[in-house]
Protein chains: 2
Amino acid sequence: MTKQIPDIVVGRLPRYLQALEHMQKDGFMTTSSKELGANLGISAAQIRKDLSQFGGFGKQGMGYSIQSLINQLRSILHVNQSWKLALVGIGDLGNALARYQGFTSRGFHIVLAFDIDPEKIGGKIGNIEIMDAAKIAEEVRKNDVKIAMLTVPSTAAQNIAVELVKGGVLAILNYAPISLSLPDHVHVEYVDPIVKLQHMTFYL
Amino acid sequence: MTKQIPDIVVGRLPRYLQALEHMQKDGFMTTSSKELGANLGISAAQIRKDLSQFGGFGKQGMGYSIQSLINQLRSILHVNQSWKLALVGIGDLGNALARYQGFTSRGFHIVLAFDIDPEKIGGKIGNIEIMDAAKIAEEVRKNDVKIAMLTVPSTAAQNIAVELVKGGVLAILNYAPISLSLPDHVHVEYVDPIVKLQHMTFYL
DNA sequence: TAGATTGTTAATCGATTAACAATC
DNA sequence: TAGATTGTTAATCGATTAACAATC
């Protein structure tokens with residue numbers, strides 16, 4: 001049986017990767033757990049512990065090769081490949097996400113877009129056609145899309161999510177401010193600025 | 001000395017509030033830790049423990065008054081008042097955030113907008129003027145703004161954040177994919193879809 | 001070699017869960 | 001009253017940190 005990796009550790013790996021990619025862009029070749037930790041506001045011990053869950057990637061006395069650690073993390077996170085995304089809800093936020101260059105450059109390609117507004121259906125966003133949300137399950141399955149981003153009103157989110165799952169979607173990035181009830185095998189991450197703002201106002 | 005509340009508990013309170021507001025909208029008057037937990041995918045025991053940090057808000061055998069718990073949580077989170085926000089970076093995402101109705105309805109009002117693009121400076125977004133980012137510290141202080149949202153390229157984020165802090169900003173919602181180095185008294189929350197997507201692809 | 005930094009173990013710290021008396 | 005559910009304590013579980021031998 002595969003060793004169980006704590007989800008909280010998995011959640012830190014993308015931030016390690018992000019920081020390493022910045023360091024590489026800035027021309028650095030190697031780093032240490034101490035330096036990476038200082039960059040991210042995380043203890044050096046925690047970084048070493050997290051990484052050691054997957055193997056020994058560093059050298060005593062020398063630290064880590066940035067390129068090599070980037071490659072390892074990409075492989076661990078399964079982002080050393082490209083992923084197809086579906087985008088549901090082509091309002092202001094959906095439009096902003098569709099235009100964001102960061103997805104493509106990281107291997108996430110929006111290949112399907114859906115809305116329920118007849119005015120929008122048939123139109124284009126970038127070079128893909130906006131389709132009727134009624135076709136979600138069918139199209140998602142046909143295109144073998146496993147990841148979706150949901151930017152619809154919260155009243156619609158649960159039903160749309162169910163359709164996505166019917167089509168075979170396994171991971172949903174949910175921008176709607178509501179908790180989704182889905183089968184356990186589906187991974188959901190929430191992005192809600194209000195939740196984050198209210199977290200901070202506690203301290204003000 | 002005030003009892004110390006774990007940050008992880010504080011982070012869950014906005015989600016409790018969100019769920020309670022939905023329940024209220026759906027016409028419910030009372031709920032229980034069991035029901036709220038089922039809604040959020042959190043154990044009933046954890047919800048009771050979290051709430052009990054702040055006082056006894058429920059009645060044995062009866063559960064919680066939704067209205068009363070909403071009021072309590074709003075008070076605890078300091079969102080029973082309105083907050084002024086500064087928005088820095090008026091690209092696609094900045095525009096989408098400026099148009100989002102959810103901020104205003106939750107008491108978060110964008111009162112300042114900044115960019116560095118001369119084409120944008122002097123223009124309007126909604127009914128506020130886009131100002132030169134060079135004036136951030138000055139304007140933020142003059143308007144007594146304590147919270148900012150940062151939607152600038154990651155190369156600019158650190159410098160802009162420093163200007164915001166100079167102006168007296170205490171909380172930053174950072175959409176730029178980079179870790180900010182700021183004094184300890186400044187609260188920073190990160191919103192990066194790539195980080196969330198990469199978290200999920202680990203499991204795919 | 002001497003210095004630096006890893007990988008790992010053990011100790012500490014903190015968070016979650018289980019259980020139940022209190023009580024509405 | 002009988003049933004339900006809270007608030008809280010103690011037990012369990014998990015995560016972080018400190019420390020250091022190994023070694024580049």
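Sequence lines set the chain letters: A, B, ... in the order given, protein chains first and strands last, and positions in each chain run from 1. Values below: all heavy atoms of this structure, side chains included; hydrogens, waters and symmetry mates excluded.
Of the candidate nucleotides C:dT6, D:dG7, C:dT17, C:dT6 has the atom lying nearest to any side-chain atom of A:S32. You'll find that the side chain of A:I8 is closest to D:dT16, out of C:dA18, C:dT6, D:dT16.
The distance from atom CE of A:M62 to atom C1' of C:dA2 is 12 Å, rounded to the nearest whole Å. Spacing between atom CD of B:Q53 and atom C1' of D:dT6 amounts to 16 Å, rounded to whole angstrom units.
Judged purely by distance below 3.5 Å, without hydrogens or angles, the side chains of B:N39 and B:H22 never pair a donor atom with an acceptor atom. Using a 3.5 Å distance cut-off with no hydrogens or angles, the side chains of A:D50 and A:Q46 do not pair a donor with an acceptor.
Enclosure of atom CD1 in B:I116 is not indicated, since only 12 or fewer non-hydrogen atoms of other residues, nucleotides or ligands lie within 6.0 angstrom. The 12-atom threshold is not exceeded at CD of B:Q101, counting heavy atoms of other residues, nucleotides or ligands nearer than 6.0 Å.
For D:dT16, neither phosphate oxygen OP1 nor OP2 lies less than 4.0 angstrom from any side-chain nitrogen or oxygen of A:S43. Within the 4.0 Å cut-off from OP1 or OP2 of C:dT16, at least one side-chain nitrogen or oxygen of B:R12 is found. Checking the phosphate oxygens (OP1, OP2) of C:dT16, a side-chain nitrogen or oxygen of B:Q46 falls inside 4.0 Å. The phosphate of C:dT6 (OP1 or OP2) has a side-chain N or O of A:S33 nearer than 4.0 angstrom.
Residue A:D50 is the one, among A:K59 and A:D50, whose nearest nucleotide of DNA chain D lies closer to the 5' end (criterion: closest heavy atom).
No contact: A:K34 has no heavy atom under 4.0 Å from any strand.
Shown are A:K146, A:R141, A:K142; of these, the salt bridge (charged side-chain N to carboxylate O under 4.0 Å, His left out) with A:D144 is made only by A:K146.
In DNA chain D, runs of at least 3 stacked Watson-Crick or G-U pairs (N1-N3 plus N6-O4 or O6-N4, or N1-O2 plus O6-N3, all under 3.5 Å) give these stems: C:3-24 with D:3-24.
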